[in-house]
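Encoded as structure tokens, the structure appears first; notes follow it.
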Amino acid sequence: KLSQKIMEDLKLELDEKKIGVFDKQWIVTQTEGINFWMKNQIAENTGIAANLQFAKMNDIVQLIYHWVCPNTAHLMDKDRMTWALFAELDEQHFKDSYPNIAGYYVNSQMRRVSLAVEMADLFDQYQIYRHQEIENWNKDEVPHDADLTWQQHLWKKMKARLGDGYADRLEVSKQLLTELKKDNNKAIIQKKLPCLRFFGLAIVTPYFLEIFRVLSEIIDIHFYLLNP
């Protein structure tokens, strides 16, 4: 019922603004199921559901980064992190420095792949949910938890292996926030993304919240959230 209520609010807004079927509307959601449901709901109300562009929060950040920072480093993705980590785990220096970790995979390529995949996913999550930890690692600060020392080592070596052509999420965020202060970039965003709507999100982490806060000073942003 709550989802239906905020859906009614969204349809009312779309009706009031007299948005045409050829005007692209960006909506940030969490699942494909929500996307399908929203298309049906809007189609029932207007007779058509066209040019609805569904995306996740990270998709929007990458899109804007591409628009305003076209010739800069690419965002590190999990696939590239995985293979960089896979290679680093085979380095003798790592095996000698962290024998307890290396002991898990040293005689098994499958285990080394599995650990690389797991660490790539973990590092991706750290950048969103524990971005302060990543910022400290980038500054070479000693982890507060000794168990994180080997993870910091892998993170630094992975980044070095990927090179300057790839940036982590914190680096992307800092550059993006700087570029969004420039008038020419504001004009680009206003033309390509005049309005952004968030529908039914369960959580917006501080990493994303700061980016969207700055973005809200440039374009209209609407949140349609469940608030029990």
Side-chain angles (χ1 to χ4, degrees), residues 2-4 6-15 17 19-43 45-46 48-70 72-81 120-121 124-129 131 166-177 179-180 185-227:
L2 287 174
S3 294
Q4 189 66 48
I6 60 175
M7 187 68 233
E8 292 298 326
D9 292 340
L10 173 59
K11 289 191 289 187
L12 181 62
E13 185 221 333
L14 294 176
D15 286 342
K17 291 190 174 181
I19 295 172
V21 295
F22 298 110
D23 298 324
K24 183 179 290 187
Q25 302 302 312
W26 290 89
I27 303 176
V28 178
T29 61
Q30 288 189 151
T31 67
E32 290 297 325
I34 285 290
N35 300 350
F36 182 76
W37 177 76
M38 290 184 71
K39 286 179 182 178
N40 284 341
Q41 290 291 311
I42 292 173
N45 182 65
T46 64
I48 188 172
N51 254 338
L52 298 176
Q53 186 69 50
F54 294 101
K56 292 183 171 56
M57 287 184 284
N58 189 55
D59 298 331
I60 297 297
V61 171
Q62 289 196 56
L63 188 66
I64 295 172
Y65 179 67
H66 174 71
W67 288 340
V68 302
C69 309
T72 52
H74 300 288
L75 176 65
M76 294 188 313
D77 59 65
K78 285 196 284 186
D79 286 341
R80 285 184 173 83
M81 286 195 290
D121 184 64
D124 193 58
Q125 295 300 310
Y126 278 180
Q127 294 174 76
I128 297 173
Y129 297 100
H131 62 277
Y166 292 92
D168 63 46
R169 292 182 189 275
L170 271 75
E171 293 165 337
V172 166
S173 174
K174 288 177 181 178
Q175 185 170 5
L176 188 55
L177 293 176
E179 292 297 324
L180 288 177
N185 286 331
K186 290 180 181 179
I188 290 173
I189 299 301
Q190 289 166 348
K191 180 178 180 180
K192 295 183 178 234
L193 186 68
C195 183
L196 184 61
R197 298 173 178 85
F198 294 78
F199 189 91
L201 302 180
I203 184 172
V204 181
T205 67
Y207 170 83
F208 287 116
L209 196 59
E210 178 59 17
I211 294 174
F212 294 132
R213 183 194 67 77
V214 173
L215 196 61
S216 71
E217 298 174 0
I218 303 171
I219 62 171
D220 289 337
I221 290 185
H222 301 268
F223 282 89
Y224 296 88
L225 305 177
L226 297 174
N227 186 20

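Side-chain contact check for Tyr224 versus Ile27: every heavy-atom pair is 4.5 Å or farther apart.
Note: Asn58 CG to Leu63 CG = 11.0 Å, rounded to the nearest 0.5 Å. Atom OG in Ser173 sits 11.0 Å away from atom CG in Leu75 (nearest 0.5 Å). Rounding to the nearest 0.5 Å places CD1 of Ile64 at 11.5 Å from CD1 of Ile188. Separation of atoms NZ (Lys191) and CH2 (Trp67) is listed at 11.5 Å; rounding is to 0.5 Å. In this structure, CZ in Arg80 is found 7.0 Å from NE2 in His74, a value given to the nearest 0.5 Å. Within the model, atoms CG of Leu180 and CD1 of Ile218 stand 4.5 Å from one another, a figure rounded to the nearest 0.5 Å.
With sequence neighbours excluded, no residue satisfies side chain to side chain donor-acceptor pair (under 3.5 Å) with Asp59. Among residues two or more places apart in sequence or in another chain, the side chain to side chain donor-acceptor pair (under 3.5 Å) test is passed with Thr29 by Asn35. Residues meeting the side chain to side chain donor-acceptor pair (under 3.5 Å) test with Gln62, sequence neighbours left out: none. Remark: Lys56 engages no residue in a side chain to side chain donor-acceptor pair (under 3.5 Å) (not counting sequence neighbours). A search for ring pair (Phe, Tyr, Trp, His ring centres under 6.0 Å) contacts involving Tyr126 returns Trp137, not counting sequence neighbours.
Between Gly200 and Gln30 the shortest heavy-atom distance is O-NE2, 4.1 Å. Contact between Asp121 and Lys78 at its shortest, heavy atoms only, is OD1-NZ, 3.1 Å. Of all heavy-atom pairs between Arg197 and Gln25, the closest is NH1-OE1, 2.7 Å. The two residues Ile211 and Leu177 have their closest heavy-atom pair at CA-CD2, 4.0 Å. Of all non-hydrogen atoms in Ile219 and Pro194, the two that sit nearest each other are CB-O, 3.5 Å. Taking every heavy atom of both residues into account, Leu170 and His131 meet most closely at CD2-O, 3.2 Å.
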Given Phe208 and Ile60, is the side chain to side chain contact (heavy atoms under 4.5 Å, CB included) satisfied, shown in steps?
CA-CA 10 Å; Phe208 287 116; Ile60 297 297; over 6 Å; no
Would Val68 and Gln175 count as a side chain to side chain contact (heavy atoms under 4.5 Å, CB included) if you check the C-alpha gap in whole Å, the side-chain angles of each, and the deciding distance to 0.1 Å?
CA-CA 10 Å; Val68 302; Gln175 185 170 5; over 6 Å; no
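Applying the side chain to side chain donor-acceptor pair (under 3.5 Å) test to pairs two or more places apart or on separate chains, those with a residue in residues 198-214 are Glu210-Arg213, Arg213-Glu217.
Aromatic ring pairs are classed by plane angle as parallel below 30°, tilted from 30° to 60° and perpendicular above 60°; the pair Phe212 and Phe198 is perpendicular.
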